[in-house]
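Read the structure below first, then the notes.
We name chains A, B, ... by the order of the sequence lines, and we start the count at 1 in each one.
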Protein chains: 2
Amino acid sequence: MSRKAEIADLDTGELTLARPRATLVEVAADKLRELILLEKLPAGAQISERDLASALGISRTPLTRALTILEQDGLIEYSVTRRPQVANPPFEEIAQNLVVMGALEALAGELACTRITDAEIARVAGYQQQMEAGEGTLSPLESFQLDMQMHEAIVAASGNAPLIDTHRKYNARLWRARFQSSQRRAGRDQTLAEHRAIIAALSQRDPVATAIALRRHLASAVTNIRNVFQDAGTARSPNPDTETPA
Amino acid sequence: MSRKAEIADLDTGELTLARPRATLVEVAADKLRELILLEKLPAGAQISERDLASALGISRTPLTRALTILEQDGLIEYSVTRRPQVANPPFEEIAQNLVVMGALEALAGELACTRITDAEIARVAGYQQQMEAGEGTLSPLESFQLDMQMHEAIVAASGNAPLIDTHRKYNARLWRARFQSSQRRAGRDQTLAEHRAIIAALSQRDPVATAIALRRHLASAVTNIRNVFQDAGTARSPNPDTETPA
DNA sequence: ATCGGAATTTTGGAATGCCAAAATTCCGAA
DNA sequence: TTCGGAATTTTGGCATTCCAAAATTCCGAT
């Protein structure tokens with residue numbers, strides 16, 4: 001009887017497998033990531049723990065922990081006087097991050113070649129096809145998200161958990177710069193061509209070619225992002241301080 | 001007068017340049033890292049926040065933040081019921097981490113070739129020479145530390161801050177396994193040979209050869225650590241639960 | 001002795017309050 | 001008007017406290 005009750009509980013309890021109810025720290029960290037990526041919290045913004053906590057409807061205790069996580073992700077930095085602010089890395093730092101990202105994705109592609117399934121290849125190729133097909137119709141954000149999903153699918157196919165995790169962190173750091181870069185028309189054809197090269201190499205499960213294609217792709221991302229920074233630099237002050245929102 | 005006082009303050013205030021006095025979080029995080037690496041907090045140990053906080057002489061607030069940092073570093077994990085414990089990764093996970101570490105060091109070596117100075121090369125070679133010279137006299141820990149310093153010096157020479165930081169985190173995760181591995185006599189000659197190959201490639205500033213040598217070195221680290229795990233596995237239960245110390 | 005479940009203890013999550021330091025405002029002298 | 005420094009406000013660091021949930025202990029029925 002008790003046995004039966006237990007099984008019933010397991011069935012009805014949590015639909016998703018046993019998760020212990022999200023803490024405010026996790027919720028806040030996710031929300032902050034979103035606010036930063038969407039620039040509701042703009043780069044360089046000074047953060048007031050009290051204001052932000054009340055804006056999120058929580059106390060400072062879980063917010064502080066969330067900020068600590070985001071700091072580890074490189075999205076939040078602390079000034080010398082311990083005031084948190086949204087990270088606003090100069091181009092040089094972004095370029096360095098992209099170099100590491102290139103090595104990570106190259107490794108992922110290499111590993112993926114030895115274990116990727118046809119279905120996974122089809123998924124990767126599917127993203128690319130959607131991008132090509134929707135050339136004129138997709139919004140910049142939609143195109144960009146397809147691009148990101150394609151890269152993530154390749155990294156996921158590596159089957160290497162630490163690699164996937166580290167890649168995810170670099171992705172978060174670089175999201176804004178890459179998004180801005182993706183919005184320019186220049187280099188878009190090259191991007192698609194590079195994607196085709198990646199998929200071709202991956203389809204042949206050629207680890208060396210896949211790694212090279214991915215590294216090349218990230219290298220051209222550096223060039224594209226440099227152009228974004230140069231335009232922004234000529235248009236306005238390089239590091240405009242922004243204020244903290246309510 | 002006030003001007004003079006200010007200058008005097010600057011001179012006598014902080015010997016190291018303007019650091020805002022370490023917080024308990026930082027102190028605790030460093031201390032915890034040390035306790036884990038030295039196995040005062042053994043792998044798999046359950047942690048009681050209250051006990052650990054009082055052992056460190058601080059309250060739970062900064063300790064919790066420190067644990068959050070260590071969790072991001074992969075040294076602390078949280079059970080499904082949110083109880084923190086020292087990470088105790090199975091071999092498979094360590095192997096995956098080593099693969100990523102190999103790619104990171106290969107990239108670092110590659111980058112280093114384009115900018116490393118003769119002095120830095122001499123420093124790297126110096127560690128290796130000390131290891132070879134002290135073959136019989138150095139303690140296992142001393143040899144291991146030289147080994148680690150050599151690798152760190154190469155990564156530092158890359159000049160890529162995010163890479164250095166990510167490498168440092170992987171290093172912390174893998175420290176224990178690599179230390180255990182280094183204590184076995186088997187493979188020690190191979191290690192030294194591989195080090196020589198790395199230094200030779202680096203001295204010639206050959207990025208491809210350096211990258212290959214570093215990857216090979218990390219690949220053999222996987223083999224060596226596998227042996228450690230296999231011996232441990234035959235000697236005793238694979239995942240012995242350990243208790244939390246006072 | 002074994003088992004199940006109630007009672008108890010222990011646990012981490014989170015809010016709150018206080019403090020010192022930093023940032024800002026204010027105001028009078030020049 | 002400008003400037004310097006005192007007064008005030010704001011800030012993050014940290015300890016404390018309460019609470020719900022989890023873990024453990026306890027105890028009686030079998």
Query raised in the report: Got a second to check how far B:Leu163's CG is from B:Arg168's CZ, nearest 0.5 Å?
Result: 12.5 Å

What's the closest nucleotide to the side chain of [X] if the choices are [options]?
X       : options                : answer
A:Arg65 : C:dA14, C:dG13, D:dG12 : C:dG13
A:Thr61 : D:dG12, C:dA15, D:dC18 : C:dA15
A:Pro62 : D:dT11, C:dA14, D:dC14 : C:dA14
A:Asp51 : D:dT11, C:dT11, D:dC14 : D:dT11

Round to a whole Å and report the spacing from [atom1] of [X] to [atom2] of [N].
X       : N      : atom1 : atom2 : answer
A:Gln85 : D:dT10 : CD    : P     : 20 Å
A:Arg82 : D:dG12 : CZ    : C1'   : 10 Å
B:Leu67 : C:dG13 : CG    : P     : 9 Å
B:Glu49 : D:dT16 : CD    : P     : 15 Å
B:Tyr78 : D:dA22 : OH    : C1'   : 16 Å
B:Gln46 : C:dT11 : CD    : P     : 11 Å
A:Glu77 : D:dG12 : CD    : P     : 16 Å
B:Arg50 : C:dT9  : CZ    : P     : 14 Å

Using only side-chain N and O atoms of [X], determine if any of them is under 4.0 Å from OP1 or OP2 of [N].
X       : N      : answer
A:Thr81 : C:dA22 : no
A:Arg83 : C:dA21 : no
A:Thr64 : D:dG12 : no

Query - Sidechain N-carboxylate O distance under 4.0 Å for A:Arg82, A:Glu77 - result: no

Report task. Could you tell me whether A:Glu71 and A:Lys169 have a side-chain N and a carboxylate O separated by less than 4.0 Å? Result -> no

Query - Nearest-nucleotide comparison on DNA chain D, the residue closer to the 5′ end among A:Pro84 and B:Ile58 - result: A:Pro84

Report task. Measure up the B:His217 and B:His151 rings against each other and bin them: parallel (under 30°), tilted (30 to 60°), perpendicular (over 60°). Result -> parallel

Report task. Step by step, work out the salt bridge (charged side-chain N to carboxylate O under 4.0 Å, His left out) result for B:Arg33 and B:Asp73. Result -> CA-CA 10 Å; B:Arg33 260 186 275 269; B:Asp73 288 353; 2.5 Å; yes

